Chemist: 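Here it is: the structure, laid out below.
Letters go in sequence order (proteins before strands), and every chain restarts at 1. All values reported here derive from a predicted model rather than from experimental measurement.
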Number of protein chains: 2
Amino acid sequence: MATRRASISDLAKQLNLSVSTISRVLNNHPAISDATKKRVWELAKQLNYQPNHLAAALRKGRSNTLGVVVPHIDGHFFALVLKGIETIANLAGFNVMICQSNENEGHEKKNIATLLNAQVDGILVSVSLTTRDFSHFDEVRRRNIPLVFFDRVVETPEASAVVLDDYQGAYQAVSHLIEQGCARIAHLGGPQHVNICQNRYRGYQDALQAHGIAYDEALVHFSNLSMQDGHDGMEQLLQQAPQLDAVFAANDLSLVGAMQVLKQHGLRVPNNVALAGFSNELFSSLTEPKLTSVDQRCEEMGRTAVHLLLELMAQNENDEKLTGRQITLQPELLIRESSERVPAA
Amino acid sequence: MATRRASISDLAKQLNLSVSTISRVLNNHPAISDATKKRVWELAKQLNYQPNHLAAALRKGRSNTLGVVVPHIDGHFFALVLKGIETIANLAGFNVMICQSNENEGHEKKNIATLLNAQVDGILVSVSLTTRDFSHFDEVRRRNIPLVFFDRVVETPEASAVVLDDYQGAYQAVSHLIEQGCARIAHLGGPQHVNICQNRYRGYQDALQAHGIAYDEALVHFSNLSMQDGHDGMEQLLQQAPQLDAVFAANDLSLVGAMQVLKQHGLRVPNNVALAGFSNELFSSLTEPKLTSVDQRCEEMGRTAVHLLLELMAQNENDEKLTGRQITLQPELLIRESSERVPAA
DNA sequence: GTGAAAGCGCTAACAT
DNA sequence: ATGTTAGCGCTTTCAC
């Protein structure tokens, strides 16, 4: 049979003290005599007292839990972000509840409802790709629950968010390719209604321009960036522009597909065609040659998002008005074999 | 300002009914007139009533939450298992709380304490590699909280667990290599104090024996299975046994390292040396050639573990004695390019 | 078919 | 420095 756990009132009875005194000791309230403190702690330890957080949460109206909604829990990026979130949340004494939207607007709405019902003290969201209606976030706002978007954001000035500077990442990657001596740089781009893909495309364009290289439509191909997409895109690019000497892809997966095609055509990487991708996947350093890629600082994004959320929660506590704050993380270009040309001696 | 949410007693007042009646309606209690039911549901909808789960949990002593402890949240395997867990748990109306032990015994103990404090209704655990003392699980048992181990288990008959048949997976993979005409099959094995690694090693041995191939110590190399380990191991194996014609690795990562070495030595995969790995990582089908690998049925493991846990929870509800039950999942061998030899015409 | 009342374990005024 | 008391929102026994 399960042994009933000791409660505050159990301690109170055994020590002939009031529950409030016990509660005060347990919460490190200052105005308590050392003697009492000691007695209480000792008995607590002896009875293996475990606070009932549910009760405290009910009373205080806060659950000590943060909610997270991600499109999916698998996959390199979100897994690492979640790791960052977990770490900081736990450090700050919060539990974390994770929901997956499966890139589905309906799921996402349900997830938000679940988290609100669970009375979470704050919410972190990376918006599903299919979400077009954002009313569920209004409900969060109405309930005055602090919310921070990360990576995939709803762009309004009132919203707080942590994002990566995709534009800069792309700009750096392309600049690097140019510095390696490439001049006919192709781009495998993602869906342009997705803002991160658009920003990567703009970074590509601007880097070319900044280095006095003319933009050439024949060097650009858009797709959904699967490996197969990269494969097909590369075939097409080679047809349209056989003289290309580098590829910048909006993700690493499509770049792997592209690299296969290049090899099949007898082109050498990086000497005939230099390659740079985006997202620094696990496999990016397992290919041959290893892929140069823009790292997205995943864990840091998670950590930063929680810090921001805790900030908002503190503001909320003090009845300050919630101010939207956007934080942009700078990506890091990881230069590997696929783009490093030996300088012509 | 935040609008206060409607409570049961709010509904009661507005309808001139008692709280108990409202509660009954909301919980689909049978003995309620249809008329009342209708009135209550309508007002509930109108006021957008949301039940306060915290309060219900406190009252009922159950939180409607399942706790999970995993070594880490990133990485292919656990991410997929978690996905499976999430899916079924949500379907069954449970929230999920995820904790990472970071392969650290101390963390794991803290995680369990956290979950017990959060009064989860059931716990799923994959044990950290460094855990030597298992007393924290005794505490769970004492509190009568159902617990299911998955993948990394504490082997006692009272414990419930879901595991993969690593032995069979290895056996199949090696048999497949033999069927491809290989006879000098090397093994890159993992730490033998880890039971899954040991089982894979045994599967390797028994498959050889079953096909009348003598075991040769010079063909076996143990390590921690990092990519570098695979690399180094392969170098050593080629020295010890240059005539080897296949490699079975206890994971895919080490196999990638090994494959690099083979290529450097001018050996062709699969025709000179055929390759099979274990775990079917994301990158396993991105390498060239694509790796044959044993798939671990990750999502299914998660789903199965939750089903088993729900079963135990039901038993618990009925005051039945908790019976330990072990479920073994059969892996699936995915045959890809790295092991498919074109039959000598 | 419905209501009254107790209480889950805790916190926080408001006492003294 | 400590005690008294009310109540968070819900479920549930017992009554009618």
Side-chain angles (χ1 to χ4, degrees), chain A residues 2-41 43-44 47-65 93 116-121 143 317, chain B residues 2-41 43-44 47-65 93 116-121 143 317:
Chain A
T3 24
R4 216 179 60 73
R5 8 191 310 192
S7 70
I8 286 198
S9 87
D10 293 336
L11 299 196
K13 269 169 212 146
Q14 292 204 35
L15 294 176
N16 268 317
L17 287 168
S18 73
V19 285
S20 40
T21 302
I22 309 289
S23 172
R24 286 193 186 91
V25 173
L26 264 20
N27 291 290
N28 297 312
H29 189 100
I32 298 282
S33 77
D34 284 355
T36 317
K37 273 188 201 161
K38 200 172 161 230
R39 291 176 61 209
V40 173
W41 278 120
L43 185 62
L47 298 187
N48 187 26
Y49 167 79
Q50 298 295 131
N52 185 331
H53 285 140
L54 246 43
L58 175 59
R59 176 61 232 245
K60 294 199 280 195
R62 331 188 302 100
S63 64
N64 245 275
T65 300
L116 288 176
N117 269 356
Q119 232 108 219
V120 295
D121 300 332
R143 298 252 199 115
E317 202 79 355
Chain B
T3 22
R4 217 180 58 74
R5 12 191 305 194
S7 71
I8 285 198
S9 86
D10 293 337
L11 299 195
K13 268 171 213 146
Q14 292 205 34
L15 294 176
N16 268 319
L17 287 167
S18 73
V19 286
S20 35
T21 302
I22 309 289
S23 171
R24 287 201 259 266
V25 174
L26 264 19
N27 292 292
N28 298 312
H29 189 100
I32 298 280
S33 77
D34 284 354
T36 316
K37 271 187 202 161
K38 200 173 160 228
R39 290 177 62 209
V40 173
W41 278 119
L43 185 63
L47 297 188
N48 186 27
Y49 168 78
Q50 298 296 130
N52 185 331
H53 285 140
L54 247 44
L58 175 59
R59 177 60 230 244
K60 295 199 279 195
R62 330 187 304 99
S63 64
N64 244 275
T65 301
L116 288 176
N117 271 355
Q119 347 264 340
V120 294
D121 300 331
R143 298 250 201 117
E317 201 79 355

Chemist: On the nucleotide C:dT11, are OP1 or OP2 found under 4.0 Å from the side-chain N or O atoms that A:Ser23 carries?
Modeler: yes

Chemist: In whole angstrom, what separates A:Arg24's CZ from D:dT4's C1'?
Modeler: 10 Å

Chemist: State whether B:Tyr49 places a side-chain N or O below 4.0 Å from either non-bridging phosphate oxygen (OP1 or OP2) of D:dC10.
Modeler: yes

Chemist: What I'd like to find out is whether the side chain of B:Asp10 reaches to under 4.5 Å of the side chain of B:Tyr49, using heavy atoms alone.
Modeler: no

Chemist: A:Leu26 has an atom CG; how far is it from atom P of C:dT11, in whole Å?
Modeler: 8 Å

Chemist: Would you mind telling me which of C:dC8, D:dA1, C:dA12 lies closest to the side-chain atoms of A:Ser33?
Modeler: D:dA1

Chemist: Using modelled atom types only, decide if a donor and an acceptor are shared between the side chain of B:Thr65 and the backbone of B:Ser63 within a distance under 3.5 Å.
Modeler: yes

Chemist: Taking C-beta and beyond as the side chain, do A:Asn52 and B:Gln119 meet within less than 4.5 Å on heavy atoms?
Modeler: yes

Chemist: Give B:Asn16 one of three labels, base, sugar-phosphate or nothing, depending on what nucleic acid heavy atoms sit under 4.0 Å from its own.
Modeler: sugar-phosphate

Chemist: For the residue pair A:Ser33 and A:Thr36, confirm or rule out a side-chain donor-acceptor distance under 3.5 Å.
Modeler: yes

Chemist: Any chance the side chains of B:Thr21 and B:Ser18 put a donor and an acceptor closer than 3.5 Å?
Modeler: yes

Chemist: Report yes if a side-chain nitrogen or oxygen of B:Thr21 is closer than 4.0 Å to either non-bridging phosphate oxygen (OP1 or OP2) of C:dT2; otherwise report no.
Modeler: no

Chemist: Counting only distance, no hydrogens or angles, is the base of D:dG3 paired donor-acceptor with the side chain of A:Ser20 under 3.5 Å?
Modeler: yes

Chemist: Return no unless some side-chain N or O of B:Asn52 is found under 4.0 Å from OP1 or OP2 of D:dC8.
Modeler: no

Chemist: Does the side chain of B:Arg5 reach to within under 4.5 Å of the side chain of B:Leu47, using non-hydrogen atoms?
Modeler: no

Chemist: Please give, in whole Å, the distance from D:dT2 C1' to A:Lys13 NZ?
Modeler: 18 Å

Chemist: Taking atom P of D:dG9 as reference, at what distance in whole Å does atom CD1 of B:Ile22 sit?
Modeler: 15 Å

Chemist: Could you give the NE2-to-P distance, from B:His53 to D:dC10, as a whole number of Å?
Modeler: 10 Å

Chemist: Looking for any heavy atom pair under 4.0 Å, which part of the strands does A:Ile32 touch: base, sugar-phosphate only, or nothing?
Modeler: sugar-phosphate

Chemist: Counting only side-chain N and O atoms of A:Ser7, is one of them less than 4.0 Å from OP1 or OP2 of C:dG9?
Modeler: no

Chemist: D:dC10 P sits how many Å from A:Leu54 CG, rounded?
Modeler: 14 Å

Chemist: Establish whether the base of C:dG9 is bridged to the side chain of A:Arg5 by a donor-acceptor pair shorter than 3.5 Å.
Modeler: no

Chemist: Answer yes or no: does a side-chain N or O of A:Thr36 lie under 4.0 Å from OP1 or OP2 of D:dA1?
Modeler: no

Chemist: Nearest to the side chain of B:Ala55, which nucleotide is it out of D:dG9, C:dT2, D:dT5?
Modeler: D:dG9

Chemist: If you look at every strand shown and take non-hydrogen atoms under 4.0 Å, does A:Ala56 touch a base, only sugar-phosphate, or nothing?
Modeler: sugar-phosphate

Chemist: Name the closest nucleotide to the A:Arg59 side chain, picking from D:dG7, C:dA4, D:dG3.
Modeler: D:dG7

Chemist: Expressed in angstrom and rounded to an integer, what is the separation of B:Lys60 atom NZ from D:dC10 atom C1'?
Modeler: 9 Å

Chemist: Heavy atoms only, 4.0 Å cut-off, all strands: where does A:Ile8 land among base, sugar-phosphate and nothing?
Modeler: sugar-phosphate

Chemist: Quick one: A:Leu58 CG to D:dG7 C1', roughly how many Å, whole number?
Modeler: 9 Å

